[in-house]
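Below, all heavy atoms of this structure are taken into account, side chains as well, without hydrogens, waters or symmetry copies.
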There are 2 protein chains.
Amino acid sequence: MFDLFEKYLLSKAAFTAGELQQIEAASVLRKLRKRQFLLQEGEVWAYYAFVASGCLRTYTVDAKGAEHILNFAVENWWTGDLQSLESGQPSGYNIDAVEDSTVVLIKHEQFEHLRQQIPALHEMVNGLLHRSFLVAQARIQTVISYSAEEKYRAFLQQYPAFALRIPQHMVASYLGMTTETLSRIRRNLV
Amino acid sequence: MFDLFEKYLLSKAAFTAGELQQIEAASVLRKLRKRQFLLQEGEVWAYYAFVASGCLRTYTVDAKGAEHILNFAVENWWTGDLQSLESGQPSGYNIDAVEDSTVVLIKHEQFEHLRQQIPALHEMVNGLLHRSFLVAQARIQTVISYSAEEKYRAFLQQYPAFALRIPQHMVASYLGMTTETLSRIRRNLV
DNA sequence: AAAGCCCGTTGACAATTGTCAACGGGCTTT
DNA sequence: AAAGCCCGTTGACAATTGTCAACGGGCTTT
């Protein structure tokens, strides 16, 4: 699975063989079965995590037991809780596997070390955060201005593959509505 | 007003006198009266914009004419449409002044030039985007999981000063609800 | 100083979305 | 192969939020 990670890295910047070796030396592979947790609420998160295969979700559970999915991470995406990582505070999020998945983990301190030594990695992460911010902004815009049906339509258009891959009750949770509401919307879609 | 910008920059990194001079040589001051536009939907945005005084808002207008406020930017924040800036595509957002305001503008190309020449500036912007991403994530979390009343309570707690400064119909729009709903929520708050 | 507009509030009602319960199909586990 | 659980759907009803109209106070503009 390291080869997938390597392929991803090379698609982002021209890392040297030595740099790749350094990065991979710090990497640990973690296999997760469907429904298995990568992070549970209350734990401190201390890794950079690259999804090599499968799909994970980050979510909160509210007082009534309802889940609210902040995001999904499929292969070639990153996951984890940056806020917990940086503050050292316990995470308010849960992360678990939607499908059987493989994740490449690099410990926080080791990653920071690599980031200082490898400028291309530093820039890659900056670019990643930059794009993540734009994506998050766009999502806020849809969430505050769209009706439930419009949210679902926009989701289908932006992530058509997700709709086939992710269970509908999770899509509903991601969109901020109940399964029943999504089910009724789908019935009324032409 | 450049002194406010300089003060901000020095609070973020140890810029040299020469660097500050370079940055300020590229800066243009723009005064906006309340309700005056900095950016209108359909225009291409091409600046980095620092708010030296006052308050601006970024918003969309939907098919029914309702406004949806993506964010506010008060003094010492940045504003603009990064997406339009980077893609060169017309912006989908409007930005106008909530109060009489002063903005420091630096043209995109000039800013990129400065960013390449001044490492501290580069890192400052990366840090800014990084934090912006975390803030955006947190907002998504509240928006998809809170009721209207919870959203307002969270807003008061996170930005108590905003509630005094920004008209209520704009707060409502920021929170993704109508003025009437916010008005009723406030009536029922103890 | 007068006129007009912006703003927040309220009421009545409608539309949207959530809650609860029940069901059946199919996948997973034993 | 059987049992059980997960998942999506549906109906009935409730709660939440939006829509429309009207109003008054006060700020801004002329």
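One atom, OH of A/Tyr152, and another, C1' of C/dT16, lie 18 Å apart when rounded to the nearest Å. Rounded to an integer number of Å, the gap from OH of B/Tyr146 to P of D/dT17 is 15 Å. Across the protein-nucleic acid pair, A/Glu149 atom CD and C/dT16 atom C1' stand 12 Å apart, rounded to whole Å. Here D/dT9 presents its C1' atom at 13 Å from CG of A/Asn188, a figure rounded to the nearest Å. Regarding A/Ile166, its CD1 atom lies at a distance of 15 Å from the C1' atom of D/dC7, rounded to whole Å. In this structure, A/Arg35 atom CZ and D/dC7 atom C1' are separated by 10 Å, rounded to whole Å.
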Give the table of side-chain donor-acceptor pairs shorter than 3.5 Å for residues 22-36 of chain B, with sequence neighbours excluded, one pair per line with atom names and distance.
unit_1	atom_1	unit_2	atom_2	d
B/Gln22	NE2	B/Gln117	OE1	2.9
B/Ser27	OG	B/Ile23	O	2.9
B/Gln36	OE1	B/Arg33	N	2.8

Show the atom names and distances, to 0.1 Å, of all donor-acceptor pairs under 3.5 Å that link a side chain in residues 101-114 of chain B to residues at least two apart or in another chain.
unit_1	atom_1	unit_2	atom_2	d
B/Ser101	OG	B/Cys55	N	3.0
B/Ser101	OG	B/Cys55	O	3.3
B/Ser101	OG	B/Glu99	O	2.7
B/Thr102	OG1	B/Ser53	OG	2.8

Give every donor-acceptor pair under 3.5 Å between a side-chain atom in residues 6-13 of chain B and any protein atom, sequence neighbours left out.
unit_1	atom_1	unit_2	atom_2	d
B/Tyr8	OH	B/Trp78	NE1	3.0
B/Ser11	OG	B/Tyr8	O	2.6

Hey, can you pull the donor-acceptor pairs under 3.5 Å for the side chains in residues 174-181 of chain B, sequence neighbours left out?
unit_1	atom_1	unit_2	atom_2	d
B/Thr178	OG1	B/Thr181	N	3.3
B/Thr178	OG1	B/Thr181	OG1	3.0

Name every donor-acceptor pair, under 3.5 Å, that has one atom in a side chain of residues 63-73 of chain B and the other anywhere in the protein, sequence neighbours excluded.
unit_1	atom_1	unit_2	atom_2	d
B/Glu67	OE1	B/Arg57	NH1	2.8
B/His68	NE2	B/Asp62	OD2	2.8
B/Asn71	OD1	B/Thr58	OG1	3.2

Report all side-chain donor-acceptor pairs from residues 122-130 of chain B shorter than 3.5 Å, counting only partners two or more places apart or in another chain.
unit_1	atom_1	unit_2	atom_2	d
B/His122	ND1	B/Arg115	NE	3.1
B/His122	NE2	A/Glu123	OE1	3.3
B/His122	NE2	A/Glu123	OE2	3.0
B/Glu123	OE1	A/His122	NE2	3.3
B/Glu123	OE2	A/His122	NE2	3.0
B/Asn126	OD1	B/Arg115	NH2	3.3
B/Asn126	ND2	B/His122	O	3.4
B/His130	NE2	A/Glu86	OE1	3.3
B/His130	NE2	A/Glu86	OE2	2.4

(request) For DNA chain D, just give me the dot-bracket, please: Watson-Crick or G-U, both distances below 3.5 Å, ( ) intra-strand, [ ] crossing earlier pairs, | paired with another strand, . unpaired. (result) ||||||||||||||||||||||||||||||

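B/Arg187 has a side-chain polar atom (N or O) that falls below the 4.0 Å cut-off from OP1 or OP2 of C/dT10.
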(request) Using a 4.0 Å cut-off on protein heavy atoms (strictly under), produce a 5'-to-3' string for nucleotides 18-30 of chain D with B for base contact, S for backbone-only sugar-phosphate contact, and - for none. (result) SBB----------

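Taking hydrophobic clusters as Ile, Leu, Val, Met, Phe, Trp and Tyr residues chained together by side-chain heavy-atom distances below 4.5 Å, A/Tyr146 does not share a cluster with B/Val143.
For A/Glu75, the side-chain hydrogen bond (donor to acceptor under 3.5 Å, both in side chains) partners are A/Arg165, not counting sequence neighbours.
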